[in-house]
Amino acid sequence: MRLDGVELYRIAMPLVSPFRTSFGVQTTRDVLLVRAVTGEGDGWGECVAMSAPLYSAEYVDAAADVIIRFLVPALAGVDLDVTTVRPALDRFKGHSMAKAAVEMAVLDVVLRARGVPLAAHLGAVRTTVDCGVSVGVMDTVPELLDAVGGYLDEGYKRIKLKIEPGWDVEPVRAVRERFGDDVALQVDANTAYTLADVATMVALDPFDLLLIEQPLPEDDLLGHAELAKQVDTPICLDESITSANVARAAIELGAAQIVNIKAGRVGGYLSAVEVHDACASRGIPVWCGGMLETGLGRAANVALAAMPNFTLPGDTSASRRYFARDVTEPFELVNGTLAVPTEPGIGVRPHPDVLAELTEDKRWIPG
Ligand SMILES: CSCC[C@@H](NC(=O)CCC(=O)O)C(=O)O
Ligand SMILES: [Mg+2]
């Protein structure tokens with residue numbers, strides 16, 4: 001299978017409500033979609049980079065540039081298959097989210113042509129995945145409690161609270177006091193703390209959290225290992241885990257007791273399987289992280305989250321958690337779960353009219 005070319009779509013997806021983390025507030029998701037076109041059909045990929053390099057060093061404009069100038073040209077003449085894309089792209093350093101978007105589009109077109117669902121290709125063992133939800137930093141505790149109550153009413157199986165210095169112990173205590181000890185609860189700091197804040201992390205121990213996600217900077221594996229010795233709550237890494245090699249190092253160092261896997265962060269869904277396997281062989285549970293994906297990335301994430309060692313609810317929420325209207329058929333929460341797509345490839349497509357309406361820029365890159 002040869003690549004005729006790639007169509008890049010830049011779409012703006014307004015969020016139903018502002019989403020605030022320790023590194024900023026989002027009100028619109030600035031999304032780059034990749035459509036790979038071949039003689040045997042087309043396939044879709046989603047780049048999860050944000051508008052600015054705040055979650056990681058990648059950002060959407062840079063991803064588009066590296067896809068146009070380097071990644072698509074690198075696929076010229078390549079016999080496209082699930083195993084030939086990454087070697088063709090890996091000679092370029094970094095840009096994991098850009099590479100992941102291109103690889104996802106090729107995985108989609110190849111697996112659609114073969115009639116194989118992505119979940120089957122990845123080794124899924126479930127037909128539904130348990131869903132958690134990520135709750136942003138709020139202006140007041142009452143506002144937080146309303147949001148958490150709403151999500152629990154919708155059936156979410158796990159609540160994740162974004163935290164930052166000044167918004168940590170108090171909101172966690174308030175959620176525990178209002179909703180009790182049985183609610184599966186975790187926090188995500190997005191690298192906002194340092195080892196000097198160990199007392200704050202220790203102060204979270206009494207609340208029986210499932211995990212503390214990425215409290216320290218992404219390059220501070222030794223700091224996380226030191227913190228893990230001083231707190232009872234398991235440490236989960238997100239931003240730090242950029243490959244299976246780093247996952248192995250983090251686990252061996254005692255820096256991660258749980259791992260959040262995001263295909264975009266590690267360079268693609270096949271790399272995500274490598275991280276999954278590296279964690280599984282070391283008895284480290286994983287869960288599927290989220291980057292406010294549209295239904296395209298969400299479909300692929302749900303397929304990934306159906307793999308054996310994804311034993312904790314992921315940030316695989318319903319489409320409506322972020323978008324009043326998704327670019328695909330919306331993913332709907334049923335008894336706290338999302339159904340794993342069963343159609344070939346990623347199993348979903350953008351609705352042409354919605355895509356046309358949301359598209360701010362489109363560009364064809366010949367293969
Ligand atoms: C813009 S924040 C994206 C990164 C963040 N993602 C979430 O909190 C979950 C977002 C989602 O539900 O897709 C994380 O660090 O885990
Ligand atoms: Mg995170």
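Keep in mind the model is a prediction, meaning the values are calculated, not measured. Starting from 1, each residue takes its place in the sequence as its number. In listed order, ligands and their atoms are each counted from 1.
Within Asp238, the N/O/S atom positioned nearest the Mg ion (ligand 2) carries the name OD2. Asp188 contributes atom OD2 as its closest N/O/S atom to the Mg ion (ligand 2). Here the N, O or S atom of Glu213 that is nearest to the Mg ion (ligand 2) is OE2.
Ligand 1 lies nowhere less than 4.0 angstrom from a heavy atom belonging to Gln214.
The contact set between ligand 1 and Phe19, taken as ligand atoms under 4.0 Å from a residue heavy atom, comprises 2 (S), 8 (O). For ligand 1 and Asp188, the ligand atoms under 4.0 Å from any heavy atom of the residue are 14 (C), 15 (O), 16 (O). Each of the atoms 1 (C) of ligand 1 lies under 4.0 Å from some heavy atom of Met50. Shown in contact with Glu213 at under 4.0 Å from a heavy atom are these atoms of ligand 1, numbered in order with element: 16 (O). Heavy-atom proximity to Gln26, at under 4.0 Å, picks out these atoms of ligand 1: 1 (C). Below 4.0 Å from some heavy atom of Asp238 lie the following atoms of ligand 1, by number and element: 14 (C), 15 (O), 16 (O).
In this structure, CD1 in Ile11 is found 5.5 Å from OG1 in Thr294, a value given to the nearest 0.5 Å.
Using bins of under 30°, 30° to 60° and over 60° for the plane-to-plane angle, the ring pair Tyr156/Tyr151 lands in the perpendicular bin.
Hydrophobic clustering, with ILVMFWY side chains joined whenever heavy atoms are under 4.5 angstrom apart, keeps Val37 apart from Leu89. Note: the hydrophobic cluster containing Val6 also contains Val66 (ILVMFWY, side chain heavy atoms under 4.5 Å, direct or indirect links).
Backbone and side-chain nitrogen or oxygen atoms of Tyr322 are examined, and one is located within less than 3.5 angstrom of a nitrogen or oxygen of ligand 1. In terms of polar-atom proximity, defined here as any N/O pair under 3.5 Å, Met291 does make such a contact with ligand 1. Here's the thing with Asn190: one of its N/O atoms is less than 3.5 angstrom from an N/O atom of ligand 1. Checking only distances, Tyr55 never comes within under 3.5 Å of ligand 1, N or O to N or O. Of the polar atoms of Gly290, at least one N or O is found under 3.5 Å from an N or O of ligand 1, judged by distance alone. Note: no N/O pair closer than 3.5 Å links Ser317 and ligand 1 by distance alone.
At least one cation-pi condition fails for Arg20 and Trp167: the charged atom is not both under 6.0 angstrom from the six-membered ring centre and inside a 45 degree cone around its axis.
The only option from Glu164, Glu218, Glu239, Gln214 that meets the side-chain hydrogen bond (donor to acceptor under 3.5 Å, both in side chains) definition with Asn190 turns out to be Glu239.
Side-chain contact annotation: Asn301 with Arg298, donor-acceptor N/O pair under 3.5 Å absent. Judged purely by distance below 3.5 Å, without hydrogens or angles, the side chains of Asp238 and Tyr55 pair a donor atom with an acceptor atom.
Atom CG of Asn335 sits in a sparse spot, with 12 or fewer heavy atoms from other residues, nucleotides or ligands closer than 6.0 Å.
Closest heavy-atom approach to atom 7 (C) of ligand 1 among the candidates Gly132, Ser134, Gly289, Ser22: Ser134.
Counting only heavy atoms from C-beta outward, the side chains of Val31 and Glu46 approach each other to under 4.5 Å.
With Arg176 contributing its side chain and Val183 its backbone, the two residues share a donor-acceptor pair below 3.5 Å.
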